[in-house]
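Notes to accompany the following structure.
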Amino acid sequence: MMLMRPVLYKQVLFSDGTADYRQPPEPKAGEDVTIRFRTKRNNVDAVFLCANQHQYQMKKVETRGAFDYYAYTVTMSDQTFSYYFQVADGMLTLYYDNYGPTKELRPQYSFRIVPGFSTPDWAKGAVMYQILVDRFYNGDPDNDVETNEYFYIRTNSQKVENWDKVPENFSVAEFYGGDLEGVRKKLDYLQQLGIEVIYFNPLFVSPSNHKYDIQDYDYIDPHYGKIVEDGGALLEPGSSDNRKAERYIKRVTDKRNLEASNQLFAELVEEIHRRGMKVILDGVFNHCGSFNKWMDREEIYSSQEGYAKGAYVSKESPYQGYFKFQNQNAWPQNKSYDGWWEHDTLPKLNFEESKDLYQYILDIGKKWVSPPYNADGWRLDVAADLGYSESFNHQFWRDFRKAVKSANPNAIILAEHYGDPKNWLAGDQWDTIMNYDAFMEPVTWFLTGMEKHSDSYQPCTLGNIKNFEGSMNHYMTSFLTPSLYCSMNQLSNHDHSRFLTRTNRRAGRADTAGAQAASEGINKGVFREAVVIQMTWPGAPTLYYGDEAGVCGFTDPDNRRTYPWGKEDRELIAFHKEIIRIHKEHEALRTGSLKFLQGENNLLCYARFNRREQLVILVNNDKNSRDIDLTVWPAEIPVNAQLEQLIFTNETGYSVVPVVYTVEEGRLKMMLPKHSSVVLRCKNEKQDSAKL
């Protein structure tokens with residue numbers, strides 16, 4: 001009688017870059033690293049670590065529960081260490097890489113270690129909160145932008161008297177009065193919500209409400225900070241001559257206002273740090289604004305003491321090389337400078353031809369993460385666009401990293417980026433990115449079928465589990481593990497529609513559909529599903545101000561509505577407090593492993609786990625209830641165990657009642673209502689040693 005060999009359990013094969021499978025997880029050159037691999041108990045003949053065209057047989061070092069663990073120790077050089085695994089079972093050979101098990105070699109999905117590269121521990125899994133300051137809270141009415149204070153692009157500045165007013169379609173010069181004092185007054189709220197990091201949209205002097213057109217990198221805008229010297233005339237209605245904008249000129253060029261605003265920011269950061277939170281600033285270095293003192297297209301600096309002539313005004317300006325002028329014979333008022341995407345209000349900075357500019361921005365990078373300001377890092381706007389070539393871009397960010405880390409080794413460098421970030425996430429440039437490809441977009445498509453601007457509805461993506469898992473597995477491999485675990489995982493932000501609006505599956509924008517349509521037909525159950533995923537997925541879950549309070553909105557500028565103080569959705573806020581608490585209480589949700597379980601269309605199942613705890617997350621995005629019969633033991637859950645409910649959500653609300661479910665022979669059976677989610681935690685203190 002011939003004995004049949006047991007089937008190779010390829011769904012159980014596992015390794016990743018977390019501390020349980022790589023120790024230490026962020027090694028230095030010359031340091032020994034022990035790499036581990038998991039198989040089903042007594043299920044394979046041999047496991048090999050394959051790296052640098054060598055094959056090393058791994059040793060079985062532990063049997064725990066239903067699993068065997070293999071290990072091999074290697075010494076790091078100063079070069080990137082790439083590896084994958086080969087698993088042998090009789091005549092069958094499988095490979096395992098960062099995407100998962102495979103029959104074919106896939107070098108593009110190899111695991112990677114960059115010796116010496118690490119990301120700040122405080123950022124891994126940190127709960128972040130993005131604030132567009134003008135729309136958050138008005139704490140100091142004395143610094144509000146006045147109507148007719150100056151002219152910008154198409155219109156004179158406008159002071160909005162009604163806080164609840166929906167932004168106009170073109171509203172860059174429309175101001176609601178939010179400021180840093182307003183943030184300070186709401187720190188209790190943010191702390192009670194559970195926020196650990198505040199990410200500010202740009203704070204520096206700028207004529208717009210979004211401030212991505214910097215006027216002066218050295219100073220916080222007094223309209224956000226403090227105005228101690230005021231006065232001067234406003235513009236006449238309809239006037240566009242900013243040389244006559246006396247009050248604006250006084251406010252933004254008087255060093256007493258600028259220094260007072262910087263001092264206020266330093267004090268605010270000190271208070272935020274005292275509360276155990278961090279601060280990330282927005283760095284807009286690809287381009288500046290036409291108001292910038294280096295360009296001075298509005299000629300507001302020309303008559304002010306202590307300022308050199310701008311490059312727009314004079315060919316002899318010390319800043320002429322900061323910009324690329326196409327016509328060298330057009331001064332004064334030389335309009336031939338390059339603008340980012342040809343926007344003349346966004347002059348592109350010419351780093352290649354100005355060493356002074358290059359050094360200046362490196363110094364700015366250092367300045368704001370150093371005393372007395374002590375910010376904890378930078379979010380870099382359109383970071384891949386900086387410079388006129390990709391090779392130059394990479395060199396600049398290498399130097400920027402060195403400069404910032406020399407000033408504050410624990411600062412984070414986080415970039416806005418669309419597309420494959422691998423070339424910038426090689427350990428020598430950015431720490432991480434705003435995570436569009438491996439978070440916002442797959443989650444949005446799966447739960448809503450919507451494009452992230454609400455520009456289109458594609459039903460083929462709604463609930464498509466194969467598309468979701470494939471996208472996540474593919475795009476997450478672009479990250480080094482230290483980068484993945486602090487990536488900014490957002491559902492909404494200032495550039496895209498509010499996620500709650502996407503749940504209505506209505507394509508449109510405020511100027512075509514009407515702003516009220518953004519709130520019609522929304523599904524809070526789907527929104528809660530999204531937040532549960534956000535708070536249980538690898539990375540730093542990042543709330544966009546007001547999402548937690550039920551704010552809706554189509555894409556920019558409708559997504560920049562004010563925080564609805566006094567009109568909040570208090571149930572949604574309470575839900576956010578609970579799911580944030582759960583995220584912070586369980587280390588496996590910050591730095592643990594991720595494994596997909598057996599999902600189906602409209603049913604997402606995955607686990608987060610480490611040696612100490614295991615959690616299962618189930619999301620039913622169907623319009624009908626689903627009976628669940630799920631194999632969970634590959635998530636290192638004992639084959640006979642109890643799972644306790646940490647939180648349950650549906651269309652009507654949420655519950656944190658600790659319901660207990662039983663796992664028998666490695667399987668979990670339960671029912672999930674429509675548009676619901678649940679987070680379960682294994683109660684067993686010791687691993688069950690039973691075999692499957």
Side-chain angles (χ1 to χ4, degrees), residues 128-147 149 157-165 174-193 195 197-211 214-216 218-231 247-248 250-282 368 372-376 494 543-546 549 551 560-568:
M128 301 185 181
Y129 193 88
Q130 178 184 351
I131 298 178
L132 184 70
V133 174
D134 182 61
R135 308 297 162 83
F136 188 61
Y137 187 68
N138 189 345
D140 179 9
D142 290 340
N143 63 13
D144 291 357
V145 174
E146 299 289 344
T147 296
E149 189 174 321
S157 61
Q158 297 292 317
K159 178 180 179 180
V160 179
E161 301 293 347
N162 177 11
W163 182 258
D164 298 325
K165 176 182 176 292
E174 187 178 69
F175 295 89
Y176 288 73
D179 48 36
L180 293 181
E181 178 61 19
V183 174
R184 189 191 67 78
K185 288 181 175 178
K186 295 300 183 181
L187 287 179
D188 283 348
Y189 166 74
L190 296 175
Q191 193 168 16
Q192 291 162 11
L193 189 60
I195 300 306
V197 182
I198 298 174
Y199 153 47
F200 288 110
N201 285 108
L203 301 178
F204 306 117
V205 181
S206 159
S208 69
N209 52 41
H210 56 71
K211 300 204 178 299
I214 305 299
Q215 185 171 328
D216 190 337
D218 276 302
Y219 294 104
I220 302 297
D221 195 316
H223 298 96
Y224 280 0
K226 202 168 187 65
I227 296 174
V228 295
E229 294 294 329
D230 209 358
R247 189 169 305 180
Y248 182 74
K250 180 72 171 176
R251 288 178 162 191
V252 300
T253 68
D254 192 306
K255 292 295 177 65
R256 290 167 292 187
N257 292 330
L258 299 172
E259 296 294 348
S261 297
N262 281 10
Q263 178 63 27
L264 177 67
F265 175 73
E267 292 170 358
L268 176 63
V269 174
E270 185 177 5
E271 172 63 17
I272 291 170
H273 285 168
R274 194 157 47 237
R275 292 169 178 262
M277 295 184 280
K278 305 287 187 181
V279 172
I280 295 175
L281 292 174
D282 210 321
W368 292 101
Y373 309 110
N374 297 315
D376 301 286
H494 62 291
L543 281 64
Y544 182 43
Y545 78 98
V551 174
R560 301 174 185 182
R561 300 184 190 186
T562 53
Y563 187 102
W565 300 108
K567 301 177 182 178
E568 308 93 327

Provide the closest heavy-atom pair for [X] versus [Y] in the form atom of the first, atom of the second, distance.
X: A375; Y: L281; value: CB-CD1, 3.8 Å
X: E149; Y: S157; value: N-OG, 2.9 Å
X: G139; Y: E181; value: O-CG, 3.5 Å
X: V205; Y: L258; value: CG2-CD2, 3.9 Å
X: N138; Y: W163; value: N-CH2, 4.1 Å
X: A266; Y: P372; value: CB-O, 3.4 Å

Is [Y] close to [X] at the side-chain level, that is, under 4.5 Å between some pair of heavy atoms?
X: V252; Y: D216; result: no
X: I272; Y: I198; result: yes
X: V551; Y: P564; result: yes
X: H273; Y: D376; result: yes
X: I220; Y: L180; result: yes
X: R135; Y: H494; result: no
X: F200; Y: Y224; result: no
X: T147; Y: K159; result: yes

| task | Give a yes or no on whether K165 atom NZ has more than 12 heavy-atom contacts from other residues, nucleotides or ligands under 6.0 Å away. | result | yes

| Heavy-atom neighbours of E267 CD exceed 12 at 6.0 Å | yes

| field | Audit row: R251, D221, salt bridge (Lys or Arg N to Asp or Glu O under 4.0 Å) steps and yes/no | value | CA-CA 9 Å; R251 288 178 162 191; D221 195 316; over 6 Å; no

| Regarding E270 and N374, is there a side-chain donor-to-acceptor distance under 3.5 Å anywhere? | no

| request: Please lay out, stage by stage, how V160 and T562 fare under the test side chain to side chain contact (heavy atoms under 4.5 Å, CB included). | output: CA-CA 11 Å; V160 179; T562 53; over 6 Å; no

| task | List the steps, then state whether side chain to side chain contact (heavy atoms under 4.5 Å, CB included) holds for M277 with L187. | result | CA-CA 10 Å; M277 295 184 280; L187 287 179; 4.2 Å; yes

Nearest-0.5 Å distance, [atom1] of residue [X] to [atom2] of residue [Y]:
X: E174; Y: R560; atom1: CD; atom2: CZ; result: 12.0 Å
X: I280; Y: Y129; atom1: CD1; atom2: OH; result: 15.0 Å
X: M128; Y: I195; atom1: CE; atom2: CD1; result: 10.5 Å
X: Y199; Y: Q130; atom1: OH; atom2: CD; result: 4.5 Å
X: F136; Y: K185; atom1: CZ; atom2: NZ; result: 13.0 Å

| Any ion pair linking D179 and K226 (charged N to carboxylate O, less than 4.0 Å)? | no

| query | Can D282 and K211 be counted as an ion pair, charged N to O under 4.0 angstrom? | reply | no

| I131 vs L190, side chain to side chain contact (heavy atoms under 4.5 Å, CB included): CA-CA, chis, key distance, verdict | CA-CA 11 Å; I131 298 178; L190 296 175; 4.2 Å; yes

| query | Within 45° of the axis and under 6.0 Å from the centre of the six-membered ring of Y545, does NZ or CZ of K186 qualify? | reply | no

| request: Check the pair D134, H223 against side chain to side chain donor-acceptor pair (under 3.5 Å), reporting the backbone distance first and the verdict last. | output: CA-CA 9 Å; D134 182 61; H223 298 96; over 6 Å; no

| field | Mutual orientation of the aromatic rings belonging to W368 and Y373 [parallel < 30°, tilted 30-60°, perpendicular > 60°] | value | tilted

| Parallel, tilted or perpendicular for W565 and Y137, by the 30°/60° rule? | perpendicular

| query | Does anything in residues 252-266 pair up under salt bridge (charged side-chain N to carboxylate O under 4.0 Å, His left out), and if so which pairs, sequence neighbours excluded? | reply | E229-R256, K250-D254, D254-R256

| query | Where the side chain of E568 meets the backbone of G566, is there a donor-acceptor pair that is under 3.5 Å apart? | reply | yes

| said: Here's a test for you: under side chain to side chain contact (heavy atoms under 4.5 Å, CB included), which of N257, D140, D142 qualifies with I227? | reply: N257

